[in-house]
Protein chains: 2
Amino acid sequence: MTLPVQSSLTPFLRTLELRSRLTEDERRAILALPFHPIHVAANQDFIRQGDVATHSCFVLEGFVGTFGQNKRGDRQITSVFVKGDMVDLMTVVVPECVWSAQALIATTILQVPHSALRQAAADFPGIAEAFWRECVINSALLNEWVMNVGRRDARSRLAHLFCEIACRSGYQPAGAPFTFPFPITQFQLADMLGLTPVHVNRTLKGLRDDRVVDLAHRAVQILNWDRLAQVGEFDATYLQLRGGGSACQTPSAAEQTQMWVLQ
Amino acid sequence: MTLPVQSSLTPFLRTLELRSRLTEDERRAILALPFHPIHVAANQDFIRQGDVATHSCFVLEGFVGTFGQNKRGDRQITSVFVKGDMVDLMTVVVPECVWSAQALIATTILQVPHSALRQAAADFPGIAEAFWRECVINSALLNEWVMNVGRRDARSRLAHLFCEIACRSGYQPAGAPFTFPFPITQFQLADMLGLTPVHVNRTLKGLRDDRVVDLAHRAVQILNWDRLAQVGEFDATYLQLRGGGSACQTPSAAEQTQMWVLQ
DNA sequence: CGATTGTTTGACGGGTCTCAAACTAAGTGG
DNA sequence: CCACTTAGTTTGAGACCCGTCAAACAATCG
């Protein structure tokens, strides 16, 4: 009785295990979840505000953003999701969508039926808890997003976003400069940060001129991680990325506490 | 075997039942939770960033805000909690606090031990699900808060906040003007909205002069709900306040869908 | 009644927005 | 592989929303 070696949901399992401990049975149950893959073109909405979800969307490849709009049509992206993230696990318990989701680049989504997710959560308390925990970590990200948009200027906002994306994408900031793919336009960045594209461009120029970070050719080039983190006031604790995935931080204090709630 | 008629946790049960259906046994288990009451003075922090929580904090009376600070010391309040809310139910599954919490006015908190909350969730799937759902709804509020701070001007932000607080406090906007207690200073409002106290004051004056809303003597006076909701682009759907508590919206589509996940 | 906290108003400066246009990179079809 | 088209980036000039600093005023509390 070994785990299936290959499954498209392996990255989902890996994400869950960044923050939750699962038994062998639970791992198997995750990998055995049914799914339906779909391809979503860049700039295409695949969840619309008001939809009642019947499945959750896992990002196998690509970038996804959830957003709302004001009456002028200005868009605010409230969360971004990278490879390995489940966009809307929360719809399992609150199926009515109060935001829209869009593929920021060409993206592959695996739709996992709520019925199967519910069954897995019902059968395995550890899975229910892991799902709950993922939702809570999502809200920690939102919390930081509010901080970013509410109380930091354009330069800090950009720096903070780059730091967060680097860590969440699994890149390990070391002393040396490094590069990671980030095929996001300045328009999309503006929508994430509550700024205008023009101002994003100028601020980006400032960071480039100061040799902190550069965005070009669909990639972010971290020139000086320490200064970037300083400018963005970045502390990775809130990402809760203990475990093997990324080592942006020291092991969290929570690690020593009871992790198993539902049993 | 009837429910205890009186318990300090009755309002907690009422909040849960706004969005989740509980069995008789589950209701009893909620009311039987142990707790320890504390009084927190205005402007006093009772959770500090970095704390590892061992209990969750229920607001029996008062106002609470969670916040972060940037290096200049500017504070951003990311969520507010009113009578009947659990401030940090999420710490049951992620005990490390990534924000601080402060009483915005003199407040009575009931501390409920994580061990008891865990036991209740483990014993009753319906409770586990209700807790999970509360966390998800919290993140929906955060989502809207990002929208507010990111893509609305000062006037809209204020209007939106007043609408949200009115609905969450259980006031039922009708055609006629109405008043509800809101003992929050303009400094605190500024920290919620990502503005300065001076600008909050001027914006408040604008709304007062236009006979939309007034804030004075620790109370909000809604002069024209329709215009307020229009200015704030307010749609109460995201509050998920179906059920008896408040009727800011029509019954949600989610109401017809399966509500029981973990059984 | 005095002390403290919170509100209101003014003058000025700055960060960000708006509008507009030139420039560059990426994608397409012949 | 080259024109062509489209999408995205860069830069400039001016305006506006909001921030900053400062001081007077009002409300609350002991």
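In what follows, chains are A, B, ... by sequence order, proteins preceding strands, each numbered from 1.
Between atom CG of residue A:Asn138 and atom CG of residue B:Asn143 there is a gap of 9.5 Å, rounded to the nearest 0.5 Å.
Contact between A:Gln76 and A:Met192 at its shortest, heavy atoms only, is NE2-O, 3.0 Å.
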Please set out all donor-acceptor pairs under 3.5 angstrom arising from side-chain atoms of residues 51-58 of chain B, sequence neighbours excluded.
residue	atom	partner	partner atom	Å
B:Asp51	OD2	B:Arg48	N	2.9
B:His55	NE2	B:Gln111	NE2	3.1
B:Ser56	OG	B:Asp88	O	3.0
B:Ser56	OG	B:His114	NE2	3.3

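On the nucleic acid side, DNA chain C has its first and last nucleotide under 4.0 Å of a heavy atom of chain A at C:dT16 to C:dG27, going 5' to 3'.
Looking at B:Arg155 and B:Asp210, a side-chain N of the basic residue comes within less than 4.0 Å of a carboxylate O on the acidic one, giving a salt bridge. One finds a salt bridge joining B:Arg151 and A:Asp191 here, because a Lys/Arg side-chain nitrogen approaches an Asp/Glu carboxylate oxygen to under 4.0 Å.
Rounded to whole Å, atom C1' of D:dG8 lies 13 Å from atom CD1 of A:Ile184. As rounded to whole Å, 8 Å separates atom P of D:dT9 from atom CG of A:Asn201. Across the protein-nucleic acid pair, A:Phe187 atom CZ and D:dT10 atom P stand 12 Å apart, rounded to whole Å.
Using modelled atom types, one side-chain atom of B:Gln102 and one backbone atom of B:Asn43 make a donor-acceptor pair closer than 3.5 Å. One N or O on the side chain of B:Arg157 and one on the backbone of B:Leu193 form a donor-acceptor pair closer than 3.5 Å. Checking side-chain atoms of B:Ser169 against main-chain N and O of B:Tyr171 turns up no donor-acceptor pair under 3.5 Å.
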Could you write nucleotides 13-29 of chain D as a row of B, S and -, 5' to 3', where a protein heavy atom under 4.0 Å of any base atom gives B, of only sugar-phosphate atoms gives S, and otherwise -? B----BSBB------SS
